[in-house]
2 protein chains.
Amino acid sequence: MASLKDIAEKTGVSIRTVNRALKGDEKIKEATKKIVLAAAKELNYIPNLAARALKSGGGYEVIAVINNLHEMHLRKFAAMEKVLREKELLLSIFIVEDENCCEDLLKRLSLSRPAGAVLMADYDNQEQYDLIKGLWKIFDQQDIPCLGIDLDFEGMSQVILDRSKAIYDSITYLQQKGYKDIAYAGIEGAFGNDERIEGYKKAVKTHSLKENIFLAPLAVGDEARVESGKLAMEHFAKFAKRPQAIQFFTDMMAVSALQYCQQNGIKVPEDLAIIGFDNQPITAFTQPPLTTISQPVERVGEISGKLLCDLIKSSNSVSYTKFVDADLVERAST
Amino acid sequence: MASLKDIAEKTGVSIRTVNRALKGDEKIKEATKKIVLAAAKELNYIPNLAARALKSGGGYEVIAVINNLHEMHLRKFAAMEKVLREKELLLSIFIVEDENCCEDLLKRLSLSRPAGAVLMADYDNQEQYDLIKGLWKIFDQQDIPCLGIDLDFEGMSQVILDRSKAIYDSITYLQQKGYKDIAYAGIEGAFGNDERIEGYKKAVKTHSLKENIFLAPLAVGDEARVESGKLAMEHFAKFAKRPQAIQFFTDMMAVSALQYCQQNGIKVPEDLAIIGFDNQPITAFTQPPLTTISQPVERVGEISGKLLCDLIKSSNSVSYTKFVDADLVERAST
DNA sequence: TTGTAAGCGTTATCAC
DNA sequence: GTGATAACGCTTACAA
């Protein structure tokens, strides 16, 4: 593997001059520069980033911390990695397993000091929240620039999906389609539920609708989510008049509601319009295909990558918050 | 940021001794070691990987190459990362974007030379196949131990799901449940289709069944897979007697078939039993829940991690192939 | 058991 | 314009 030294020897100039030629910005005779560049090309010179990082003090990798494995996260990874790669940063992943994760992270950091970190972890309960906040504190203490995605620790830079606006928009969309009695079915205390309710209430107010909210109790896991969809449908069935449209907390709930409708002879969207949240792969293939709210994962990843690069470069401790808009994916359930 | 030098100064011993204490494996007085370790902890010492890599030339990380983003892969990552972490290896991801991936990889390798690599990329067509094989050749040329997961380049070490056995087992299961006319619906030329057919044919022979195979044309993407499920159902509908059970190439196809049945008044499993392949999250919640074949992602990840560690350690160029058994997940569709 | 010192490839400060 | 040379933090042969 050719180094500056090799090029220097080959061309007969000093290492410093080779360096100047390669960097391009410093004063150097055109002729020398040409010769050096030719030699560099011939020797297949590739700069050694480890050496560069050593000299300049900075690490050259970004740790992505993640606990809940979803395709969504991976796609954010992908978009982020693309941005980071351009800045010659590597993306390294750290998977949160259990309550030892803080120790694990410290151990991980003892293997290499990253230039920055992204917390993509999410939480379902207080314990997890505390745990993840602990991870952030470690980065903070170590002065490692850290960006949270869909996380809201005070003082941390973050990229957040604007759930409130997303729901406001979806309710508005339903209202414009002519639906009048529009309900929201969420999950008490789940991450992002409050923001959704906020958007719902705002839309209800703006369009002078009747507020109709059902909250299922918090429970973790896919099965629980499916169960909550059924719970919601059973709740609304108790009343004389069913709502004309329901915005669900999540696709899982919505899909489950769809099944309930199928089993109980409720026609979607004629009798009841349904909107999910997340745009999971299934939703395109349900019966009928589900209208849903799509988190723009690529955009989130890209923005996060860029923001993190800025944080790494600037290294002042200001924290930024960036909101990202969701997209409404219209399908046959509305 | 504390360095060996800082610890040395604080404790009054030489850098070399600090290094020995931290490494642990060399001869050193217990007392000295204790003092040094305490100081290291107090100073929050984190080794500088750049410096280490610079000196020793060798990397401390494993690159995972991936192109098609699926939750499955991520879960393999997770299990693998756990194994690697124990060996003080970092997991770094490299996402394959396009036909420039070979150049990109070379560039990536100029940033850090990894200790090993895992190719988790999969392919749908010849071009992709060639591209990914190109990536492997780069690792091979650079003498970087490389493990393929569900990939079969000659001379490369690999961990492979035993699809043939999986299908043999599922057909046998159907036969033992009393089904007689058991069909296989696959996709011509898709990765793993031949192995599935092999297992199917073997089972047909063993149990003296009637061979009944339908192959949809190859097309890429989820929607295409769903479409092929419908194609398969339409194919089988043409005959006087529908098969009693169908093993599908993939969950997507099976789910689509399930929908077809619902729309056409075919009762599952009474009129027709259906088995998928992959155990995707949806399958637990379809109507009825789908019996499917589960790739033991955790086991695959773990085995891969261990095998890769062995490859890195031994550094001889023998290549290993390890087959992993799939699990049958029995649900209500059979 | 511990210490000295060289060197990995780069960058940057000086002096020429 | 160009070239010595020191330094980044770590590893490792060689001394002591």
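Naming: A, B, ... by sequence-line order, numbering from 1 per chain. In this text, all values refer to a predicted model and were calculated from it rather than measured experimentally.
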Got a list of protein N/O to nucleotides 5-7 of chain C N/O distances below 3.5 Å?
none

Could you go through Thr32(A) and Arg20(A), starting from their C-alpha distance and side-chain angles, then the distance that decides it, and tell me whether this counts as side chain to side chain donor-acceptor pair (under 3.5 Å)? CA-CA 10 Å; Thr32(A) 328; Arg20(A) 268 190 272 256; over 6 Å; no

Which one of Glu302(B), Glu81(B), Gln295(B), Glu298(B) satisfies the side-chain hydrogen bond (donor to acceptor under 3.5 Å, both in side chains) criterion with Lys76(B)? Gln295(B)

Give one of base, sugar-phosphate or nothing for Asn48(B), where a contact means two heavy atoms less than 4.0 Å apart. sugar-phosphate

I'd like to check Ile46(B) versus Gln142(A) (side-chain heavy atoms, cut-off strictly below 4.5 Å). Are they in contact? yes

Is there a donor-acceptor contact under 3.5 Å from the side chain of Ser92(B) to the main chain of Leu91(A)? yes

Are Tyr129(A) and Phe153(A) an aromatic pair, judged by ring center distance below 6.0 Å? yes

Spacing of Arg52(B) atom CZ relative to dT10(C) atom P, expressed in whole Å: 21 Å

For Asn19(A) and for Gly12(B), locate the closest nucleotide of DNA chain C by heavy-atom distance; then report the residue assigned to the nucleotide nearer the 5' terminus. Gly12(B)

Could you work out which one of dC8(D), dC10(D), dT4(C) sits closest to the side chain of Ser14(B)? dT4(C)

So Lys5(B), base contact, sugar-phosphate only, or nothing? Heavy-atom distance under 4.0 Å. nothing

Check the surroundings of atom CD in Glu86(B): do more than 12 heavy atoms from other residues, nucleotides or ligands lie under 6.0 Å from it? no

Which part of the nucleic acid, if any, lies within reach of Lys27(B) when heavy atoms closer than 4.0 Å are counted: base, sugar-phosphate only, or nothing? base

Name the closest nucleotide to the Leu4(B) side chain, picking from dC10(D), dG3(C), dG3(D). dC10(D)

Over how many whole Å does the gap from Leu54(B) atom CG to dG9(D) atom C1' extend? 9 Å

Heavy-atom count around Lys322(A) NZ within 6.0 Å, excluding the residue itself: above 12? no

Using only side-chain N and O atoms of Thr32(B), determine if any of them is under 4.0 Å from OP1 or OP2 of dT2(C). yes

Closest to the Lys23(B) side chain: dA4(D), dT2(C), dT11(D)? dT11(D)

Lys33(B) or Ser3(A), whichever maps to the more 5' nucleotide of DNA chain C: Lys33(B)

Nearest whole angstrom, please: distance from the P of dA12(C) to the CG of Leu22(A). 14 Å

Looking at dG3(D), I'd like to know if its phosphate oxygens (OP1 or OP2) sit under 4.0 Å from a side-chain N or O belonging to Thr17(A). yes

Tell me: CZ of Arg20(A) to P of dT10(C), nearest whole Å? 16 Å

